[in-house]
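To start, the structure itself, in structure tokens.
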Amino acid sequence: MEIYTSNYASINKFPEGYRPIAISVGPPKWFNGPVDKRLAPSWAMMKKPRAEYDRLFAEQLNKLDAKKIASELPDKAVLLCYEAHNDWCHRRMVAEWLEKELDIVVPEFGFDREQTFPYSECCEANKGKVRVPKKKEQTKEPEPQPQPEKPYGYKLTIEEWRKSGIGCTRPDLFDVGQLPAVKARRASMAADNGLNLGVES
């Protein structure tokens with residue numbers, strides 16, 4: 001079932017099949033459609049300050065059975081009052097009450113639901129404006145940080161080690177067998193033992 005809200009000035013914009021229903025305390029004289037006074041405020045309420053008006057009209061709605069009212073509305077019903085879109089108008093309170101009670105969406109005809117201000121923000125300052133929804137901030141997953149490459153993936157030659165500037169702080173990074181003193185010692189041991197320890201002749 002689809003339910004909308006709108007104003008009398010927009011009635012000629014409704015396509016065929018949409019059913020305008022007056023919910024104002026006094027519809028225009030030219031309006032010959034159905035009127036549902038259950039969803040209209042009283043004249044007495046309309047003379048009250050807004051805070052008092054809102055309280056009284058909310059009490060009136062809370063005494064009603066939303067499911068019963070919805071079941072009695074035709075499909076594509078358009079609930080009408082006088083005010084412009086996003087001006088202070090009780091039809092937005094009616095729409096939000098139906099949304100809450102029936103878990104449905106009741107947009108203003110011709111607008112996305114998000115383009116209508118909440119009833120509490122409908123006022124002269126927002127009259128005729130289109131609400132621009134705030135974009136939800138998307139929480140980005142932290143990008144994986146590149147792991148620092150290991151400076152050396154192999155044993156350095158003596159020449160590479162000397163050029164690296166790391167000095168004697170990382171003796172594990174070079175092949176000690178490259179040192180001249182080690183080479184000489186190994187050569188001497190090989191000569192004494194008559195063994196080939198991989199030393200070039």
Side-chain angles (χ1 to χ4, degrees), residues 1-140:
M1 180 180 186
E2 297 179 19
I3 303 175
Y4 301 86
T5 58
S6 191
N7 54 37
Y8 294 111
S10 301
I11 198 169
N12 291 328
K13 299 178 183 178
F14 303 157
E16 184 178 353
Y18 286 73
R19 304 290 297 278
I21 298 175
I23 60 168
S24 58
V25 64
K29 292 181 179 179
W30 53 263
F31 181 77
N32 56 7
V35 179
D36 194 333
K37 290 295 182 81
R38 295 172 298 179
L39 302 178
S42 65
W43 286 112
M45 285 183 198
M46 296 178 68
K47 296 177 183 179
K48 302 287 186 181
R50 178 164 181 173
E52 182 69 3
Y53 169 93
D54 289 350
R55 183 185 67 80
L56 292 171
F57 189 58
E59 289 178 357
Q60 176 178 315
L61 291 177
N62 289 332
K63 293 176 183 177
L64 301 175
D65 185 337
K67 289 184 180 179
K68 181 175 186 298
I69 288 179
S71 68
E72 295 171 356
L73 293 174
D75 189 31
K76 296 184 178 178
V78 186
L79 308 180
L80 300 176
C81 197
Y82 288 94
E83 285 71 28
H85 180 225
N86 281 330
D87 195 1
W88 175 30
C89 181
H90 81 288
R91 72 176 183 269
R92 182 43 36 194
M93 185 187 283
V94 172
E96 291 181 0
W97 171 71
L98 289 170
E99 289 177 335
K100 179 182 176 182
E101 294 295 317
L102 304 176
D103 194 23
I104 61 174
V105 175
V106 183
E108 182 82 353
F109 177 82
F111 297 90
D112 292 336
R113 177 63 182 86
E114 293 79 10
Q115 293 177 314
T116 299
F117 286 98
Y119 173 74
S120 60
E121 297 178 30
C122 290
C123 59
E124 181 69 23
N126 288 328
K127 178 180 178 180
K129 293 182 179 180
V130 175
R131 176 175 176 260
V132 179
K134 293 181 180 179
K135 293 183 178 180
K136 294 182 179 179
E137 295 185 1
Q138 296 182 348
T139 304
K140 292 184 178 180

- Task: Any chance you could measure I104, atom CD1, to I3, atom CD1, to the nearest 0.5 Å?
- Result: 4.0 Å
- Message: For D112, is there any backbone N or O sitting under 3.5 Å from a side-chain donor or acceptor partner on Q115?
- Response: yes
- Rounded to the nearest 0.5 Å, how far does CD1 of I69 lie from CZ of R38? 4.5 Å
- Does V106 offer a backbone N or O that forms a donor-acceptor pair with the side chain of E99 under 3.5 Å? yes
- Query: For R131, does the CZ atom sit with more than 12 other heavy atoms under 6.0 Å from it, leaving out its own atoms?
  - Reply: yes
- What heavy-atom pair brings C81 and H90 nearest, and what distance separates the two atoms? SG-CE1, 3.5 Å
- Message: For D87 versus E124, what's the shortest heavy-atom pair and its separation?
- Response: OD1-N, 3.5 Å
- Message: Nearest 0.5 Å, please: how far is CH2 in W88 from CE in M93?
- Response: 9.0 Å
- Message: Working to the nearest 0.5 angstrom, can you tell me the gap between Q60 CD and W97 CH2?
- Response: 9.5 Å
- Item | More than 12 heavy atoms of other groups within 6.0 Å of N32 CG | no
- Task: Please report the shortest heavy-atom distance between F57 and P41, naming the atom on each side.
- Result: CE1-N, 3.7 Å
- Do K100 and E96 sit within salt-bridge range, that is, some charged N less than 4.0 Å from a carboxylate O? no
- Take atom CG in D103; do more than 12 heavy atoms of anything else shown fall under 6.0 Å from it? no
- Query: Can you tell me how far the CG atom of L39 sits from the CG atom of L73, to the nearest 0.5 Å?
  - Reply: 7.0 Å
- Short N-O contact, E59 and R55, less than 4.0 angstrom: yes
- Task: Tell me whether the guanidinium CZ or amine NZ of R50 lies under 6.0 angstrom from the six-membered ring centre of Y119 and within 45° of its axis.
- Result: yes
- Counterpart residues, side-chain contact (heavy atoms from CB on, under 4.5 Å), relative to A40 (two or more places apart): K37
- Item | Non-hydrogen atoms of F31 and P20 that approach each other most closely | CZ-O, 3.8 Å
- Message: Working to the nearest 0.5 angstrom, can you tell me the gap between I21 CD1 and D36 CG?
- Response: 7.0 Å
- Message: Is it the case that the side chain of N86 and the backbone of K129 share a donor-acceptor pair, with hydrogens and angles ignored and the cut-off at 3.5 Å?
- Response: yes
- Query: At their closest point, which heavy atom of S10 faces which heavy atom of S6, and how far apart are they?
  - Reply: CB-OG, 3.5 Å
- Only one of E108, R113, E114 passes side-chain contact (heavy atoms from CB on, under 4.5 Å) with F111; say which it is. E108
- Message: Do H85 and N7 make a side-chain contact, defined as non-hydrogen atoms from C-beta onward lying under 4.5 Å apart?
- Response: no
